[in-house]
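What follows is a short report on a single structure.
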Amino acid sequence: MQSTTTYGGAGAAPITHPASGARNINARDGEIHPGEIAVGVVIGRASEYFEFFVYAIASVLVFPAVFFPWADRLEATLYSFTIFSFAFIARPLGTVIFMWLQTRFSREIKLTIALFLMGTCTCVIAFLPTYSRIGVASIVILSLMRIGQGIAQGGSWDGLPSLLALSAPENKRGWYAMLGQLAAPVGFLIAAGLFAYLVANLSQDDFLVWGWRFPFFCAFAINVVALFARLRLVSTSEYSRLLDAHELDPAPVGELVKSQGSNIAIGALAALASYALFHLVTVFPLSWIQLYDTRPMGEFLHIQMWGAVLAAIAIAVSGLIADKVGRRTTLGTLAALIAIFSGFVPSLMDGGETGQNIFILVGFTLLGLSYGQAAGAVTANFKQQYRYTGAALTSDLAWLVGAAFAPLVALGLSANFGLGYVSLYLLSGAVGSLAALSLNRALEIRD
């Protein structure tokens, strides 16, 4: 049972035309190379992933103790994972709301509001009093801020990933597709490194009272820097012309679903194996070690950081492979390998430090190879006028279906029925990916 010790905490006018404002400030002549677009994608996504992993790690190491001190350790972690999922549920709603804002005002206004909302929610969490100070209100505020983060993440879609996919040379699309995905291991490395340092150098009381707040302050600062970096890119006249030339503007959601609903569903399911594995090698193992192992958490975070390095290398390799054999073939092959890997989850996680290390390092490698091509593998199926909104909603639904509840389900199943059920959960994701990719191929042949 968890100790019932509680911890206190530390206490302009709108731009109404798409061509106006900041879009002209950085205008420059000449064409934009795909590599320049890739820089914008990496900057934007790296800040998002860092913020994402700061919250994810805190959901295991911090929130069960400081917001649910009245529950036992397992129950408190499950409550924490429930709130963790709220952002993924809210994300499609954020996409719809902010697409409307972009239509009404401009891409810059939309992006500024979205990232301001994200930074505000993160900052509030950093200063949020704990359960011992304000009781259940702390849980309500944490939940609202998590929902706000999800809405903001949906609204932060700037169209650059789609623009990169359309602008990349045909024989290098796999390579350019993986560049944005590199942000995930980079974000994890920084977030895990921060928490590992704090866990190793602070007492448990200091960490749970004030130490955990520092990564959230860092996330807020990085969010501000990323806002200006992304605005500087998307506000130039050259980017505006490219986005307009490719018809990368919001489409009515109802019309999109009616016309392209099957493509949204297939796109969301095609990378299901990758998104399920995403949280099963990052968030779930942390909770399992925290609850059922005596291994030092700082040491385990370092192993995960090595796994993130392998994932980054694997993401780069996935670009080379995809350009040789095709992105969907790459995804399908990796889904099959993930299915095989799922059978080893119980023996590895119960295999002591050696087994756990193998699980993390192999799992991160498979994740990198798969996740490197997971973004937009079938979004080429969208008609051009629907690609901007379709790509955003497909990504939202992929996260919702594949990753939102993975830590909650995996921990609940393993705690009550055994690690074998985690294998079945991951296997179901692999089967879903293979089915969606096969259906996509069948529809292509039929068309």
Side-chain angles (χ1 to χ4, degrees), residues 88-89 91-93 95-96 99 154 157 159 161-166 168 173-174 176-178 180-181 246-248 250-279 318 321-322 325-339 342 366-367 369-406 425-447:
F88 301 96
I89 298 172
R91 186 168 168 169
L93 176 62
T95 295
V96 173
M99 289 289 180
W157 177 255
S162 292
L163 183 60
L164 178 60
L166 292 168
R173 286 179 178 171
Y176 281 99
M178 71 82 189
Q181 306 298 75
H246 288 296
E247 298 183 37
L248 291 176
V253 174
E255 182 182 324
L256 168 68
V257 173
K258 182 178 179 180
S259 173
Q260 306 282 289
S262 61
N263 285 332
I264 294 174
I266 292 172
L269 294 174
L272 189 58
S274 180
Y275 283 96
L277 183 61
F278 193 96
H279 281 158
S318 77
I321 295 173
V325 303
R327 296 178 68 190
R328 275 169 287 194
T329 300
T330 302
L331 270 180
T333 302
L334 266 298
L337 291 176
I338 291 171
S342 69
L366 288 174
L367 175 63
L369 290 169
S370 178
Y371 191 67
Q373 299 302 313
V378 297
T379 52
N381 293 354
F382 286 109
K383 295 179 180 178
Q384 193 169 18
Q385 67 268 31
Y386 297 121
R387 184 167 291 179
Y388 180 81
T389 308
L393 283 177
T394 298
S395 176
D396 293 344
L397 294 178
W399 280 108
L400 176 60
V401 175
F405 305 102
Y425 180 79
L426 184 55
L427 178 62
S428 68
V431 171
S433 286
L434 290 169
L437 290 168
S438 297
L439 178 59
N440 182 66
R441 178 61 178 164
L443 289 175
E444 277 191 337
I445 293 173
R446 187 192 67 186
D447 292 341

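Positions are given from 1 along the sequence.
Taking OH from Y275 and CG from L397, the interatomic distance works out to 10.5 Å, rounded to the nearest 0.5 Å. Atom OG1 of residue T333 and atom CZ of residue R328 lie 13.5 Å apart, to the nearest 0.5 angstrom. The OG atom of S342 sits 5.0 Å away from atom CG of L426, with the distance rounded to the nearest 0.5 Å. The OG1 atom of T394 sits 10.0 Å away from atom CG of L269, with the distance rounded to the nearest 0.5 Å. Distance check, rounded to the nearest 0.5 Å: CZ of F405 to CD1 of I89 gives 4.0 Å. To the nearest 0.5 angstrom, N263 atom CG is 12.5 Å from L393 atom CG.
The two residues S318 and M178 make their nearest non-hydrogen contact at OG-CB, 4.0 Å. A pairwise comparison of heavy atoms in M99 and A392 identifies CE-CB, 3.8 Å as the closest pair. Residues A322 and T330 approach most closely at CA-OG1, 3.4 Å, considering heavy atoms. Between L367 and S274, the closest heavy-atom pair is CD1-O, 3.5 Å. Closest heavy-atom contact between L427 and A339: CD1-CB, 3.7 Å.
Looking at T389, its side chain does come within 3.5 Å of a backbone N or O of A251 through a donor-acceptor pair. Here the side chain of S433 pairs a donor or acceptor atom with the backbone of L272 at under 3.5 angstrom.
Considering only heavy atoms from C-beta on, I264 comes within 4.5 Å of L256 through its side chain. Residues L277 and S370 fail the side-chain proximity criterion, which asks for heavy atoms closer than 4.5 Å. Side-chain contact between R327 and L331 is absent, with no heavy-atom pair separated by less than 4.5 Å.
Ring pair H279/W399 is tilted by interplanar angle, where 30° to 60° counts as tilted.
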Review point. Given the rule in the side-chain contact (heavy atoms from CB on, under 4.5 Å) test, do R91 and S395 qualify, once you have shown the distances and angles that lead to the verdict?
Key: CA-CA 10 Å; R91 186 168 168 169; S395 176; 3.5 Å; yes
